[in-house]
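Before any comments, here is the structure.
Numbered from 1 within each chain, the chains take letters A, B, ... in sequence-line order. In this text the structure is predicted, and so the values were computed from the model without any measurement.
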Amino acid sequence: MQDKVLELAIRRGFIYPSYEIYGGVGGFYDYAPLGAILKKKIEDKWRKIFCIEEGFYEIHCPTIAPEEVFIASGHVKNFVDPLVTCENCRESFRADHLIEESMNISASNMSYEEMSKLVKQISCPNCGKKAFGDVYSYNLMFKTAIGPGGKRTGYLRPETAQNIFILFNRLYEFSRKKLPFGITQIGKAYRNEISPRQGLIRLREFTQAELEYFFDPRNESIDRFKLYENEKLRLLTRENKEFEITAKEAVEKGILINEIFGYFLALTKRFLVEVGIDEKRIRFRQHLKEELAHYARDCWDAEVFTERYGYIEVVGIADRGDYDLKAHERHSNVEMKAFVSYEKPVTIKMKVFELNLKEIGKTFRKKAKEIIKELENADEKLIEEFEKKGFVKVCNEVLDSRFLKVKEVEKKVHGEKVVPHVIEPSFGIDRILYCVLESAYRERNGKKILSFKPDIAPISVAVFPLVSKDELKDIALELLRKIRARGIYAIYDEKDSIGRRYARVDEIGVPFAITVDFDTLKDSTVTVRFRDTTEQVRISTAEVVDVVEELVNGKIKFEELKMKK
RNA sequence: GCAGCCGUAGUCUAGCCUGGUAGGACACUGGCCUUCCAAGCCAGUGACCCGGGUUCAAAUCCCGGCGGCUGCACCA
């Protein structure tokens with residue numbers, strides 16, 4: 001049986017298992033009407049915190065990419081598990097783990113052939129027989145073909161990040177060629193999980209919200225850090241120590257390697273709290289060395305404690321260093337660097353080759369271009385060699401003083417090119433949405449309530465006539481129209497008793513209900529009811545739309561409204 | 001991917017062993033009633049996961065698939 005939260009989410013239209021009429025497919029969920037609004041509100045909260053307030057911009061890119069992208073990024077090679085299956089009992093194992101455990105040697109750099117040989121000597125931990133087949137790789141990326149004929153291999157992206165790295169030069173230009181800058185993307189990513197389970201926790205198609213923060217590796221401070229430096233963070237370090245500490249202290253003590261980590265951990269916590277997750281359930285866990293992704297130098301996961309699944313990872317904040325930009329530089333032959341100016345230009349004396357281009361051209365013809373390039377980029381070693389021997393060998397040609405000589409030049413250097421480093425907070429929106437649902441779930445007298453924050457709830461307001469009579473209905477419908485005109489999601493219901501209608505909207509987490517009753521006809525006031533306490537206040541029909549808008553936006557709280565009245 | 005258990009309206013479930021008209025509760029829809037927290041009355045919609053086999057006859061027995069749960073394995 002499915003758990004209560006998932007059951008409610010499916011029954012009341014937050015999510016549906018996908019492709020049900022054809023038997024369903026594991027690892028895919030539809031966002032139903034209420035879930036789609038909830039997801040959008042969570043994403044908009046993320047945009048507010050990680051884009052608008054930070055001055056970072058969001059981009060949207062294709063979800064299909066040509067093979068080259070993931071060859072460069074390392075996903076084709078590294079996004080795989082070497083598996084081996086016992087021919088006797090059909091049990092599958094990670095081949096490298098098997099070898100490491102039973103032979104006590106490191107298998108991380110072994111080829112599949114080597115592993116296949118070794119694995120034959122190992123008894124199956126399940127049935128005890130030596131019956132392992134060959135080691136095969138299982139790549140978690142979905143493969144597809146671009147265009148007719150299947151000539152060009154493509155993959156569905158396993159993370160949104162690569163698109164941003166590929167666009168580095170464009171985005172650097174857009175950012176007025178200044179570090180640091182941040183670019184975000186909210187979009188779908190795909191991983192062909194071996195066994196997706198646990199509802200929204202492990203999906204084959206999921207939504208990521210990612211920020212790539214590009215910075216000069218020699219300057220790891222971040223101005224805005226002081227805004228969040230006193231935020232308390234619960235950390236679980238690689239050494240398995242768990243404690244609470246302020247962001248500032250964690251950086252000062254070197255637990256977090258720089259202010260940027262401190263800043264994004266604090267910002268992440270703020271986001272999770274603002275969508276309605278209890279801060280007591282949030283912790284940041286540092287990845288173990290062997291757990292790190294192929295691109296990561298360090299990584300802290302934000303984990304949320306759930307009743308259903310225990311601690312689950314909802315955010316990964318990774319220091320990707322210069323791994324990705326360098327990888328794409330190498331594979332695409334496009335330079336991906338930022339120019340960082342020095343505070344003052346530096347004058348340096350250096351030796352360079354002065355070339356006799358005419359002579360080189362005449363002598364080496366077509367090869368000249370290549371030779372010139374080599375000599376222009378010559379390093380100290382080569383120049384030294386020339387000074388010692390009187391000639392150098394470049395591109396298999398010998399060049400002596402007829403072609404070049406050494407001269408000393410003074411150069412004013414204004415700065416240098418650096419490959420920016422990247423710190424990447426990456427959010428799993430679907431998992432966060434589950435945490436939001438679970439955090440909001442309550443039971444009251446046997447009735448189920450989703451106690452969303454007012455600005456996160458999919459439907460913000462319900463409007464009811466106390467009983468289904470025309471004179472009350474007309475007023476209620478007019479209020480409904482006015483509320484909707486403000487861009488607020490509102491619903492109307494006149495069926496069944498008022499108590500039943502309150503219960504119905506409590507179950508989908510509508511925070512406020514307006515009821516038109518017989519007093520409304522006398523004094524033009526209506527009641528506004530708050531979901532979490534069932535308390536009511538009377539507000540004039542003239543004011544109620546403004547008041548409700550403030551309540552929904554969180555500008556005032558219901559308790560404050562109650563005090564005023 | 002392996003193993004065990006499971007799959008009946010929107011939900012929870014009876015029926016399955018022992019083959020023969022699939023029953024209930026809640027929810028939902030229409031109507032009546034109803035002056036604030038799942039009231040009542042009347043009427044109604046709605047289901048055997050898919051495919052194959054056995055049989056005169058399959059929700060029920062058998063096989064395969066799909067899906068779910070649990071365990072193992074995996075999870076950047």
Note to self: Using OP1 and OP2 only, check whether a side-chain N or O of A:R500 sits under 4.0 Å from B:rA27.
What the structure shows: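 So the side chain of A:R500 is within the cut-off, an N or O lying under 4.0 Å from OP1 or OP2 of B:rA27.
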Would you say [X] and [Y] make side-chain contact, with heavy atoms under 4.5 Å?
X: A:F518; Y: A:K522; answer: no
X: A:E159; Y: A:Y295; answer: yes
X: A:R191; Y: A:M141; answer: no

Is there a Watson-Crick or G-U wobble partner for [N] with both distances under 3.5 Å, and which nucleotide is it?
N: B:rG20; value: B:rC56
N: B:rC75; value: none
N: B:rA14; value: none
N: B:rC66; value: B:rG7
N: B:rG30; value: B:rC42
N: B:rC48; value: none

Next item on the list: Looking only at non-hydrogen atoms, find the nearest pair between A:P465 and A:D493 and report the distance.
Entry: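 Answer, listing the atom of A:P465 first, then A:D493: CD-O, 3.4 Å.
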Next item on the list: Could you measure between the two P atoms, the one in B:rA59 and the one in B:rG53, and give it in whole Å?
Entry: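 One P to the other, the span is 15 Å.
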Notebook entry, point to check: Between B:rU60 and B:rC2, how far is it from one P atom to the other, in whole Å?
Noted result: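 The same atom, P, in both gives a distance of 25 Å.
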Over all strands shown, is [X] touching base, sugar-phosphate only, or nothing at heavy-atom distances under 4.0 angstrom?
X: A:L292; answer: nothing
X: A:E20; answer: nothing
X: A:R12; answer: nothing

Look at the side chain of [X] and decide which nucleotide, out of [options], has an atom nearest to it.
X: A:E7; options: B:rG67, B:rC12, B:rC36; answer: B:rC12
X: A:S468; options: B:rC36, B:rC28, B:rU34; answer: B:rU34
X: A:E193; options: B:rC36, B:rC75, B:rA38; answer: B:rC75
X: A:R11; options: B:rA38, B:rU11, B:rU35; answer: B:rU11

Next item on the list: Using the closest heavy atom to pick a nucleotide of RNA chain B for each, name whichever of A:M141 or A:V467 lands nearer the 5' end.
Entry: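 Of the two residues, A:V467 wins.
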Notebook entry, point to check: Mapping A:K495 and A:R204 to their closest nucleotides on RNA chain B, which lands nearer the 5' end?
Noted result: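 It is A:K495, whose closest nucleotide lies nearer the 5' terminus.
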Between the side-chain atoms of [X] and the base atoms of [N], is any donor-acceptor pair under 3.5 Å?
X: A:Y22; N: B:rC66; answer: no
X: A:R202; N: B:rC74; answer: yes
X: A:R191; N: B:rC75; answer: no

Checklist line | Rounded distance (Å) that lies between atom C1' of B:rU34 and atom CG of A:D470 | finding: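 In whole Å, B:rU34 C1' lies 15 Å from A:D470 CG.
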Notebook entry, point to check: Once you round it to whole Å, what is the distance between C1' of B:rG10 and NZ of A:K4?
Noted result: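 These atoms are roughly 19 Å apart.
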Note to self: Is a donor from one side chain sitting under 3.5 angstrom from an acceptor on the other, for A:S73 and A:Y323?
What the structure shows: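 No.
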Item checked: Flag, side chain of A:E329 to backbone of A:M336, donor-acceptor distance under 3.5 Å ->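 Pair found, side chain donor or acceptor close to backbone of A:M336.
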